[in-house]
Amino acid sequence: MIRVVQGDITNLHVGAIVNAANTALLGGGGVDGAIHRAAGPDLLTACKKIGGCPTGEARITPGFELAAKWVIHTVGPVWQGGAQGEADLLESCYTQSLDTALDHGIRSIAFPGISTGVYGYPKQEAARIALTVMRRYDDRFDEIIVCCFTSDDKAVYLALLDTE
Ligand code: APR
């Protein structure tokens with residue numbers, strides 16, 4: 001089942017939360033910063049052992065002090081106008097994250113709006129890509145949650161869910 005909620009992803013009691021990371025995997029601002037703050041310093045230690053993540057791919061670590069058991073770190077594309085393969089890379093973030101979750105027997109997963117903050121991806125188009133992929137995986141999970149930080153973001157997803 002796909003569910004859209006508004007709130008702080010670090011509070012969700014799910015198998016895995018997805019982090020909108022960067023290729024260095026050393027933390028940052030936005031949701032990346034929030035997840036590292038909530039997980040504690042062991043998360044950075046685990047990320048350092050991984051040694052980075054290419055754009056469009058995903059890596060998994062334990063959740064440490066988070067409510068979630070796992071954190072799946074994925075690196076979204078920086079929006080450059082849409083002609084640099086951004087849509088394929090963003091879609092890959094969602095498919096690679098969901099495949100990684102399946103590989104670890106995870107049945108509930110929550111996503112932030114990958115690339116829609118600092119990386120500037122237009123929210124409407126990003127939400128369309130996210131929901132398209134989530135629908136393809138929906139029957140293999142108990143729950144796929146879209147965790148929107150703001151009510152405006154939530155409205156974008158709800159509008160798209162209503163149109164199908
Ligand atoms: N819970 C849920 N969503 C959040 C939270 C939170 N605690 N904090 C921020 N968000 C939302 C933002 O509102 C945005 O919609 O997550 C979405 C992604 O925004 P960013 O965190 O800026 O991520 P992104 O656009 O993918 O940029 C990634 O930012 O923080 C750095 O290290 C990160 O370099 C990387 C870049």
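For ligands, and for the atoms within them, numbers begin at 1 and follow the listed sequence. We use all heavy atoms of the structure for the numbers below, so side chains are in, but hydrogens, waters and symmetry mates are not. The structure displayed is predicted, hence computed values, not measured ones.
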Exercise. Just jot down the ligand 1 atoms closer than 4.0 angstrom to any heavy atom of Lys123, in number order.
Key: 15 (O)
Exercise. Determine yes or no for a side-chain-to-main-chain donor-acceptor pair under 3.5 angstrom, with Ser92 supplying the side chain and Asp88 the backbone.
Key: no
Quiz prompt | N/O separation below 3.5 Å, Ala21 to ligand 1 | solution = no
Practice problem: Mind listing the closest non-hydrogen atom pair of Ile17 and Ile9 along with its distance? | Solution: CG2-O, 3.6 Å
Quiz prompt | Under 3.5 Å side-chain donor-acceptor pair for Tyr137 and Asp99 | solution = yes
Quiz item: Would you find a donor on one side and an acceptor on the other, under 3.5 Å apart, between the side chain of Glu143 and the backbone of Ile109?
Solution: no
Quiz item: Roughly how far, to the nearest 0.5 Å, is the CG atom of Asn19 from the CD1 atom of Ile114?
Solution: 7.5 Å
Exercise. State whether the side chain of Thr116 and the backbone N or O of Tyr121 hold a donor-acceptor pair below 3.5 Å, judged by distance alone.
Key: no
Exercise. Please answer whether the main-chain N or O of Cys53 pairs with a side-chain N or O of Glu57 as donor and acceptor at a distance below 3.5 Å.
Key: no
Exercise. For Gly28, take its heavy atoms, then give the atoms of ligand 1 lying under 4.0 Å from any of them.
Key: 30 (O), 32 (O)
Quiz item: Nearest heavy atom to atom 21 (O) of ligand 1: which of Val5, Asn19, Val156, Val31 does it belong to?
Solution: Val31
Quiz item: Hey, is Ala34 touching ligand 1 through its side chain, its backbone, both or neither, going by heavy atoms under 4.0 Å?
Solution: side chain
Quiz item: Taking the side chain as C-beta and beyond, is there a heavy-atom pair between Pro41 and Glu65 under 4.5 Å?
Solution: yes
Quiz item: Who's the nearest protein heavy-atom neighbour of atom 11 (C) of ligand 1, and how far?
Solution: Phe149 CB, 4.0 Å
Quiz item: Does the side chain of Cys148 come within less than 4.5 Å of Tyr157's, by heavy atoms?
Solution: yes
Exercise. Considering heavy atoms of the protein only, find what lies nearest to atom 29 (O) of ligand 1 and give residue, atom and distance to 0.1 Å.
Key: Val118 CB, 3.8 Å
Quiz prompt | Nearest candidate to atom 25 (O) of ligand 1, where distance is taken over non-hydrogen atoms, out of Cys148, Gly117, Gly113, Pro112 | solution = Gly117
Quiz item: If you count the atoms of ligand 1 from 1 in the order shown, which ones are under 4.0 Å from a heavy atom of Thr116?
Solution: 14 (C), 15 (O), 17 (C), 25 (O)
Exercise. Would you please determine whether Gly120 falls within less than 4.0 Å of ligand 1 on a heavy-atom basis?
Key: no
Quiz item: When you measure from atom 35 (C) of ligand 1 to every protein heavy atom, which one gives the shortest distance, and what is it?
Solution: Tyr119 OH, 3.5 Å
Exercise. Under 4.0 Å from a heavy atom of Ala20: give me the atoms of ligand 1 that qualify, with their elements.
Key: 23 (O), 26 (O), 28 (C), 33 (C)
Practice problem: Would you mind listing which atoms of ligand 1 come within a distance below 4.0 Å of any non-hydrogen atom of Gly7? | Solution: 1 (N), 2 (C)
Self-check item: SB check Glu91 Arg128 (cutoff 4.0 Å)
Solution: no
Self-check item: ligand 1 contacted by Thr10 (non-hydrogen, < 4.0 Å)
Solution: no
Self-check item: Per-atom contacts of ligand 1 with Asn22, taking only distances under 4.0 Å to non-hydrogen atoms
Solution: 32 (O), 33 (C), 34 (O), 35 (C)
Practice problem: With heavy atoms of Asp32 as the reference, note each atom of ligand 1 found under 4.0 Å away. | Solution: 30 (O), 32 (O), 33 (C)
Quiz item: Short N/O distance, under 3.5 Å, between Gly33 and ligand 1?
Solution: no
Quiz item: ligand 1 versus Asp153, non-hydrogen atoms closer than 4.0 Å: side chain, backbone, both, neither?
Solution: side chain
Quiz prompt | Test applied, side-chain contact (heavy atoms from CB on, under 4.5 Å); reference residue, Ile144; option that passes from Val133, Leu98, Leu131 | solution = Leu98
Exercise. Examine ligand 1 and decide if any of its atoms is less than 4.0 Å from a heavy atom belonging to Gly27.
Key: yes
Quiz item: When only distance counts, is Gly29 in polar contact with ligand 1, meaning an N/O pair under 3.5 Å?
Solution: yes
Quiz item: Are any side-chain N or O atoms of Ser115 and backbone N or O atoms of Val78, one a donor and one an acceptor, separated by less than 3.5 Å?
Solution: no
Quiz item: What protein heavy atom sits nearest atom 1 (N) of ligand 1, and how far off is it?
Solution: Ile9 N, 3.0 Å
Exercise. Please could you name the atoms of ligand 1 that Asp8 approaches to less than 4.0 Å, counting only its heavy atoms?
Key: 1 (N), 6 (C), 7 (N)
Quiz item: Taking a hydrophobic cluster as the set of Ile, Leu, Val, Met, Phe, Trp and Tyr residues connected by side-chain heavy atoms closer than 4.5 Å, whether directly or through intermediates, do Leu161 and Met134 fall within one such cluster?
Solution: yes
Quiz item: Ignoring hydrogens and geometry, is there a side-chain-to-backbone donor-acceptor pair from Arg107 to Arg140 under 3.5 Å?
Solution: yes
Quiz item: With a 4.0 Å cut-off on heavy atoms, does Ser115 reach ligand 1?
Solution: yes
